[in-house]
Visitor: 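Mind having a look at this structure? Questions to follow.
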Number of protein chains: 2
Amino acid sequence: MVTKNAMPTPLCGELPAEAVQAARFEKARSAQASAVLEDYVELIDDLLTSQGEARPTDIARRLGVSHATAIKSIGRLKREGLATSKLYRGVFLTPRGLDLAARVRARHRLVVDLLVAVGVPPHCAELDAEGIEHHVSDTALAAFARFLGHERPTDDGAEVE
Amino acid sequence: MVTKNAMPTPLCGELPAEAVQAARFEKARSAQASAVLEDYVELIDDLLTSQGEARPTDIARRLGVSHATAIKSIGRLKREGLATSKLYRGVFLTPRGLDLAARVRARHRLVVDLLVAVGVPPHCAELDAEGIEHHVSDTALAAFARFLGHERPTDDGAEVE
DNA sequence: GCTTTTTTGTAGCCTCGACTACATTTTAGG
DNA sequence: CCTAAAATGTAGTCGAGGCTACAAAAAAGC
Ligand SMILES: [Mn+2]
Ligand SMILES: [Mn+2]
Ligand SMILES: [Mn+2]
Ligand SMILES: [Mn+2]
């Protein structure tokens with residue numbers, strides 16, 4: 001039913017190979033655009049849970065960037081409705097931010113588990129997953145869960161079969 | 001060289017979580033910085049092989065960006081010593097560019113194969129691999145090859161047969 | 001309470017990768 | 001050959017995400 005597309009085989013309704021390829025790159029670019037936001041919400045949620053608060057300075061240190069950079073990115077989080085902040089009281093996640101954080105964390109773990117399951121050394125899996133995670137689609141994620149024998153991939157109910 | 005702190009040698013799991021995490025993010029950022037270059041050389045090599053030439057316009061169309069964007073990026077490829085170009089004669093790869101292209105293509109294929117092997121639908125594997133590939137380390141790649149049953153995954157040219 | 005340190009925020013600068021608009025050059029058509 | 005179309009290149013703008021340097025406010029120390 002779907003395309004079998006292993007090479008230049010534009011079965012997707014007569015789409016030229018160029019368009020298919022362009023769409024692929026476009027998808028990767030789009031994923032990258034949200035990568036920073038995803039890492040921030042995951043980390044903020046982390047800090048809120050473990051420390052009870054998420055201060056810009058802590059966020060910056062954990063991310064390995066300057067505090068100025070972190071504050072600017074937090075500004076973007078706020079613009080996008082993912083976070084709020086109180087002066088000298090740290091950063092908080094909106095419901096949307098919390099939801100995103102939960103999905104991002106689950107995805108991160110699943111990616112690491114998958115890498116380890118296919119033989120990647122755990123330490124290396126952790127390293128690579130930080131970048132890989134942002135490019136793993138829900139479909140692939142579901143496949144990962146199936147491969148790992150998890151019976152409950154996500155709470156999203158996105159099934160592929 | 002461990003005399004930075006009073007702490008003994010961190011055993012890659014015992015060191016400050018902050019530093020580990022920061023290093024992880026730093027590695028992901030670094031990988032992303034070369035993602036565009038990698039996609040360009042892979043595509044240019046593709047076009048040179050299949051079409052005999054790699055024109056900026058073709059490159060732009062395949063990547064789904066404007067020709068101005070492509071030309072600017074090609075400029076960066078040239079600055080970095082990966083490509084050359086002749087006016088109205090297209091873009092060519094330097095030896096370094098060719099080498100990079102070969103490695104990038106092999107990695108791309110291996111990533112797709114791995115995804116398919118763990119149950120990701122082929123079409124989806126193609127899509128996701130475009131972004132994932134840039135974050136897969138040599139170590140992980142070797143693990144992928146092993147998992148797929150490939151014989152001796154050319155780890156730094158170490159021939160063992 | 002006053003001073004010092006830490007934290008937070010701003011301002012200004014950079015590169016990269018995207019875009020549009022315009023200019024030029026080559027190629028193709030008549 | 002001369003003109004129209006296509007390809008190529010330039011210029012200028014933008015936002016994102018880095019940085020440093022400086023300014024101000026809060027927390028900590030004394
Ligand atoms: Mn990440
Ligand atoms: Mn993560
Ligand atoms: Mn790619
Ligand atoms: Mn690729």
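Naming convention: chains lettered A, B, ... in sequence-line order (proteins, then strands); numbering from 1 in each chain. In this text the structure is predicted, and so the values were computed from the model without any measurement.
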Visitor: Do you know which two heavy atoms are closest between A:Ala83 and A:Thr94, and how far apart they sit?
Guide: N-CG2, 3.7 Å
Visitor: Is there a path from B:Val112 to B:Leu43 through hydrophobic residues (I, L, V, M, F, W, Y) whose side chains come within less than 4.5 Å of each other?
Guide: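 No, separate clusters.
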Visitor: What heavy-atom pair brings A:Ala101 and A:Leu93 nearest, and what distance separates the two atoms?
Guide: CB-CD1, 4.1 Å
Visitor: For a quick test of reading the model: is some side-chain N or O of A:Arg29 closer than 4.0 Å to OP1 or OP2 of C:dG17?
Guide: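 Answer is no, no contact under 4.0 Å.
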Visitor: Report the residue (B:Val65 or B:Glu80) whose heavy-atom-nearest nucleotide on DNA chain C is the more 5′ of the two.
Guide: B:Glu80
Visitor: For D:dC19, take OP1 and OP2 only and decide whether either is under 4.0 Å from a side-chain N or O of A:Thr69.
Guide: yes
Visitor: For D:dA16, does OP1 or OP2 lie under 4.0 Å from any side-chain N or O of A:Arg79?
Guide: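 For D:dA16, OP1 or OP2 has a side-chain N or O of A:Arg79 closer than 4.0 Å.
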Visitor: May I ask you to decide whether B:Arg61 forms a salt bridge with B:Asp58, counting only side-chain N to carboxylate O separations under 4.0 Å?
Guide: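 Result for this pair is yes, salt bridge flagged.
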Visitor: Starting from C1' on D:dG17, measure out to CZ on B:Phe25 and report it in whole angstrom.
Guide: 15 Å
Visitor: May I have the distance from A:Leu63 (atom CG) to D:dG18 (atom P), rounded to whole angstrom?
Guide: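 The answer, rounded to whole Å, is 8 Å.
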Visitor: Would you give a per-nucleotide map of nucleotides 3-14 of chain D, 5' to 3', where B means the base has a protein non-hydrogen atom under 4.0 Å away, S means only the sugar-phosphate does, and - means neither?
Guide: ----BBBB-BB-
Visitor: For the pair made of CG in B:Leu37 and C1' in C:dA18, what is the distance, rounded to whole Å?
Guide: 15 Å
Visitor: Could you walk me through whether B:Tyr40 and B:Leu82 pass the side chain to side chain contact (heavy atoms under 4.5 Å, CB included) check?
Guide: CA-CA 10 Å; B:Tyr40 269 81; B:Leu82 295 169; over 6 Å; no
Visitor: Round to a whole Å and report the spacing from CD1 of A:Ile74 to P of D:dA16.
Guide: 15 Å
Visitor: Quickly work out the B:Lys27 NZ to D:dG18 C1' distance and round it to whole Å.
Guide: 20 Å
Visitor: What is the distance, to the nearest angstrom, from the CD atom on B:Gln32 to the C1' atom on D:dA16?
Guide: 12 Å
Visitor: Against A:Glu130, only a single residue in B:Arg24, B:His135, B:Lys27 fulfils side chain to side chain donor-acceptor pair (under 3.5 Å); can you say which?
Guide: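 The option that passes is B:Arg24.
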